[in-house]
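Working notes, beginning with the structure itself.
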Amino acid sequence: MSAHRFEMIPSAPFDFERMTKRLQGVSHEMFRYEDGALVRTLRIADKVYLVGMRSTGNAEEPSLDIQVNAEHEIKPSDLEEVEARLRTMLTADVDLKSFYAHLEGDPVLSKVTADHYGLRFILEADLFECMTKTIIGQQVNLTFASTLNRRLVEAASKPLEINGTLYPVFPSAQEVAALTYEQLREQQFSQRKAEYVIDFARSVAEGTLDLETLRLKEDEDIINQLVKIRGIGRWTVECFLLFGMGRPNLLPAADIGLRNAIRKNYGLDVQPGEPFVREMGASWSPWCSYVTFYLWESLNQKTNVSTII
DNA sequence: GGCCAGGCTAGCA
DNA sequence: TGCTAGCATGGC
């Protein structure tokens, strides 16, 4: 057992409270709150850590106090890897000021960004976890998807014990690959969902599919490659690119939430169609993902409905 | 009780 | 190539 802590400085603006507020709305299967710190386990190169993040700054001068615990000895190189992973997850190095500057000529979107100043994506912890959760989230409501996620975690992996408390660890591809369809059927997965999740994990575990090398490819190339896999469609890959890889310029023009948000913010009488969204989105490039994210958030302003994370 | 939920596949015309 | 039933369950 070992414990370390360090300070992490994201680029400004960075509003940690605003970012994590979205996680508090629903019972999340991976994140917890402990004494104001956002806590979850991370798997990095076959080592598992418990990481706690607490804000000690503000949006203009952001600073995070990071606490790291593990059952194994933590080396300085491990801490560097943890910080690198957290910076990616928290999109801490994205140049939000350029994004805001890009929208200066658009009064509607400028107001939306001002209302959510300092908001950044919190990405999924890794690509395998992201794709697995997205497949599980297909078609079913978010509450049920969360239940299925939790059951998958409980069925496939051992929790991490720190100071007498058990923390769920998202299973590795190998652990999910070792499950049988029947095991997930018992957890109320449909036959198809069980097959999609396990077959995907097996292709990753066997090395047929290398998720990390996908990072070298363009969005459209990744979409074309992954939709060939049974159980993975365009929507699923777009979620993967957004919440797994943090690609900044994705426009999910068919998304109902995005279309509703455009209708609301621009005061349109009817929900705009996909071609209209593409037309509008042309001027958002190279920040389409961020405009989409902020528009989604503008829908949640009153209802506080959580989105995928 | 019926309909929908941030889809996708398989089967059919 | 394009359309649609079926999937499984929870929430409203």
Side-chain angles (χ1 to χ4, degrees), chain A residues 22-23 25-30 119 121-124 129-155 179-203 209 219 222-247 250-265 271-278 281 288-309:
Chain A
R22 311 170 62 249
L23 302 175
V26 288
S27 64
H28 198 283
E29 62 278 0
M30 295 307 296
L119 177 71
F121 280 98
I122 296 182
L123 305 181
E124 294 286 354
E129 177 176 337
C130 179
M131 184 59 94
T132 303
K133 284 182 180 172
T134 307
I135 293 171
I136 287 174
Q138 291 166 359
Q139 181 56 19
V140 298
N141 65 62
L142 295 174
T143 314
F144 185 47
S146 180
T147 302
L148 292 180
N149 279 325
R150 184 170 43 77
R151 290 179 180 165
L152 172 72
V153 173
E154 287 169 0
L179 296 175
T180 62
Y181 303 145
E182 290 70 28
Q183 278 177 285
L184 290 188
R185 292 282 291 147
E186 288 166 8
Q187 303 299 327
Q188 290 174 294
F189 281 61
S190 65
Q191 178 66 30
R192 280 191 186 167
K193 220 182 258 292
E195 290 172 11
Y196 297 165
V197 166
I198 289 177
D199 291 351
F200 169 72
R202 288 179 181 165
S203 69
L209 176 62
D219 294 348
I222 297 172
I223 292 172
N224 291 333
Q225 178 179 344
L226 293 184
V227 295
K228 291 176 184 150
I229 299 172
R230 188 168 170 268
I232 296 177
R234 189 179 180 100
W235 177 86
T236 303
V237 187
E238 284 182 341
C239 283
F240 176 76
L241 291 168
L242 266 177
F243 296 106
M245 291 196 174
R247 292 293 170 102
L250 222 78
L251 183 66
D255 184 88
I256 297 294
L258 175 58
R259 288 157 64 192
N260 281 335
I262 290 173
R263 178 183 176 181
K264 177 184 168 184
N265 285 282
Q271 189 186 72
E274 197 175 328
F276 184 86
V277 177
R278 292 205 182 283
C288 290
S289 302
Y290 281 79
V291 175
T292 301
F293 183 48
Y294 273 67
L295 282 172
W296 276 337
E297 199 67 10
S298 75
L299 279 181
N300 297 342
Q301 236 163 346
K302 285 179 184 171
T303 54
N304 197 26
V305 174
S306 171
T307 56
I308 194 166
I309 292 187

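Each chain gets a letter, A, B and so on, in the order its sequence line appears, and its residues count up from 1.
Across all strands shown, A:I229 has heavy atoms under 4.0 Å from sugar-phosphate atoms exclusively, and none from any base. Within 4.0 Å of A:T236, counting heavy atoms only, lie sugar-phosphate atoms of the nucleic acid but no base atom. Within 4.0 Å (heavy atoms only), A:L148 reaches no atom of the nucleic acid at all.
Applying the salt bridge (charged side-chain N to carboxylate O under 4.0 Å, His left out) test to pairs two or more places apart or on separate chains, none has a residue in residues 180-192 of chain A. Residue pairs that meet the salt bridge (charged side-chain N to carboxylate O under 4.0 Å, His left out) test with at least one member in residues 136-147 of chain A, sequence neighbours left out, do not exist here.
Using atom P as the reference point in both B:dA10 and C:dA8, the two lie 13 Å apart (nearest Å). Comparing the same atom, P, in C:dG2 and in B:dG6 gives a spacing of 28 Å after rounding to whole Å.
A heavy-atom distance below 4.5 Å is not found between the side chains of A:Q183 and A:I198.
The salt bridge (charged side-chain N to carboxylate O under 4.0 Å, His left out) check on A:R263 picks up nothing, with sequence neighbours excluded. A:Q187 is linked by a side chain to side chain contact (heavy atoms under 4.5 Å, CB included) to A:R151, A:F189, counting only residues two or more places apart in sequence or in another chain. Scored by the side chain to side chain donor-acceptor pair (under 3.5 Å) test, A:Q225 finds A:K217 as partners (sequence neighbours excluded). The side chain to side chain donor-acceptor pair (under 3.5 Å) test applied to A:N265 returns A:S298, not counting sequence neighbours. With sequence neighbours excluded, the residues forming a ring pair (Phe, Tyr, Trp, His ring centres under 6.0 Å) with A:F200 are A:F128, listed by chain and number.
Between A:W235 atom CH2 and B:dA5 atom P there is a gap of 12 Å when expressed in whole angstrom units. Atom CG in A:L226 sits roughly 12 Å away from atom P in B:dC8 (whole-Å rounding). Between A:D199 atom CG and B:dT9 atom P the separation is 12 Å, expressed in whole Å. Here the P atom of nucleotide B:dA5 and the CD1 atom of A:I135 are 21 Å apart, to the nearest Å. Following rounding to the nearest Å, A:F200 (CZ) and B:dC8 (C1') show an atom-to-atom distance of 16 Å.
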Pair assignment for DNA chain C - dot-bracket with | for other-strand partners, Watson-Crick or G-U under 3.5 Å | |||||||.||||
Quick one: do A:V153 and A:M30 satisfy side-chain contact (heavy atoms from CB on, under 4.5 Å)? Show the steps, please.
-> CA-CA 9 Å; A:V153 173; A:M30 295 307 296; 4.2 Å; yes
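The side chain of A:Y196 lies closest to B:dT9 when the candidates are B:dT9, B:dG6, B:dG7.
Between A:G137 and A:V227, the one whose closest nucleotide on DNA chain B sits nearer the 5' end is A:G137.
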Assign a letter to each nucleotide of nucleotides 7-12 of chain C from its 5' end: B, base within under 4.0 Å of a protein heavy atom; S, sugar-phosphate only; -, no contact.
-> SBSBS-
